Structure formats: C-alpha cells, structure tokens
Amino acid sequence: MTLEEQLSGDQSIGKMESVGNALEEVLCKAKLQRTITIGVYEAAKLLNVDPDNVVLCLLATDDTYDQDIALQIHFTLIQAFCCENDINILRVSNMSRLAEILGGSDKPGEPADLHCILINSPHELQVKDPALKEVICYCKESRYLDQWVPVINLPER
C-alpha cells in the first residue's frame, strides 16, 4: 500500500467518524424538535403524503435483516422512492447505538421499529443546521461516486 492510499484511507475513516457524529446530532435535534418519523409503516405513510419535507431517510439493519425478506422488500421500495424524489438516504449499521440515541418505544412492551427513520425539515431550516448540512453533503458526495446508499456506523459512546 502506498503512502497516498494509506492517507486516503485514514481521511475516509475520519470523514465517516465526523459524519457519524453529525448524524447523531441530527437525530438528537430531530427528536427534540419532533421532526422525526420512526418505523417502516409510519415512514411509508409520510412519504406518501408529504415527501417534499423529508430531507433524510435512514435505513437501519441488524442481524435479522438477511433473513427478513419483507424488510428487504420494504427497503428496496423505500430506496427507490427516495431516489426518485431526491431524498438523501443513509444505511446505518449500528442499530443498538441508534436505539440508545432515540430511546425506547412509545408503546410499552413493544420495541421501537428503528429500521426506517425519516428526518423532516422545512427547507429554510436545512441551510441553518451545520450537522444536517454535513450529512447531506456526505450523501451527495457518495452519490457522485455512484454509492447511492452509503453505509454509516454511529460512533459508540
């Protein structure tokens, strides 16, 4: 491995950490501001009614993803819809950290469906949030490199 390749790899790891931290900040703010939609079914309803205010779609996977054909079909349909409507998409691979950030379920006794999360934001607020801008910029850079659904790992705390 050349020095240039090693430096490039180190930079991309640093970039992923930075985007992971920014994503965590976006999630915390969205939860406080109630601009977050959690759950595959709830996300599908919102995308059907008001896709223009959705700025980010997170698809989170866990160990059951490979065996869950229905979830894979939902993800495929949601990804296609988001691509067609210029909604930024990220795949999140650390579901346990996502659960820590967002907390438990609204319904006692039922785990929250964290497989699909939408961040809603009026367009004038998008420009003002540096964390959201960083995540969106990462999504756009990834698309430019033909990586339509980049994977991000939320940093452990």
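Keep in mind the model is a prediction, meaning the values are calculated, not measured.
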Kindly say whether [Y] contributes a backbone atom to a donor-acceptor pair with the side chain of [X] at under 3.5 angstrom?
X    : Y    : result
Q72  : D66  : yes
D113 : V40  : yes
N94  : N153 : no
N21  : E17  : yes

Measuring only between side-chain heavy atoms, which start at C-beta, is [X] closer than 4.5 Å to [Y]?
X    : Y    : answer
F75  : H115 : yes
V54  : I119 : no
T61  : M95  : no
L118 : L47  : yes
I152 : L23  : yes
W148 : S142 : no

Pairs in or reaching into residues 74-95: which pass salt bridge (charged side-chain N to carboxylate O under 4.0 Å, His left out), with residues at least two apart or in two chains?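 Output for this query is empty, none listed.
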Distance check, rounded to the nearest 0.5 Å: [X] atom [atom1] versus [Y] atom [atom2]?
X    : Y    : atom1 : atom2 : value
C139 : I87  : SG    : CD1   : 11.5 Å
E100 : E24  : CD    : CD    : 9.0 Å
C57  : L90  : SG    : CG    : 9.0 Å
R97  : L102 : CZ    : CG    : 9.5 Å
C83  : I78  : SG    : CD1   : 12.0 Å
I89  : R143 : CD1   : CZ    : 8.0 Å

With side-chain contact (heavy atoms from CB on, under 4.5 Å) as the test, would you mind laying out the steps for V19 and E134 before giving the verdict? CA-CA 7 Å; V19 173; E134 182 175 355; 4.1 Å; yes
Could you work out the complete set of other residues in the hydrophobic cluster of I73, with links drawn between I, L, V, M, F, W and Y side chains under 4.5 Å apart?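 Besides I73, the hydrophobic cluster comprises I69, L77, listed by chain and residue number.
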Which other residues belong to the hydrophobic cluster containing Y144, where Ile, Leu, Val, Met, Phe, Trp and Tyr are joined when side-chain heavy atoms lie under 4.5 Å apart, directly or via other members?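 L145, which link up through side-chain heavy atoms under 4.5 Å apart, make up the rest of the cluster.
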Results of side-chain hydrogen bond (donor to acceptor under 3.5 Å, both in side chains) for T76 - residues two or more places apart only: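 Expected list: none.
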Restricting to side-chain hydrogen bond (donor to acceptor under 3.5 Å, both in side chains), what partner residues turn up for N85, sequence neighbours left out? none
Step by step, would you call T37 with I117 a side-chain contact (heavy atoms from CB on, under 4.5 Å)? CA-CA 6 Å; T37 301; I117 298 168; over 6 Å; no
Decide yes or no on side-chain contact (heavy atoms from CB on, under 4.5 Å) for L27 and L58, but give the supporting numbers first. CA-CA 10 Å; L27 288 167; L58 303 177; 3.6 Å; yes
Which heavy atom of G20 sits nearest to which heavy atom of L154, and what is that distance? O-CD2, 3.7 Å
Indicate the atoms forming the closest heavy-atom contact of A131 with V26, along with that distance.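 That closest heavy-atom pairing would be C-CG2, 3.7 Å.
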Basic-acidic side-chain contact under 4.0 Å: E42, K45: no
Check the pair T35 / S121 against side-chain contact (heavy atoms from CB on, under 4.5 Å), numbers first and verdict last. CA-CA 6 Å; T35 57; S121 179; 5.8 Å; no
Under the rule for ring-ring contact (aromatic ring centres under 6.0 Å, His included), what residues qualify as partners of F81, not counting sequence neighbours?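 With neighbours one apart ignored, the set is empty.
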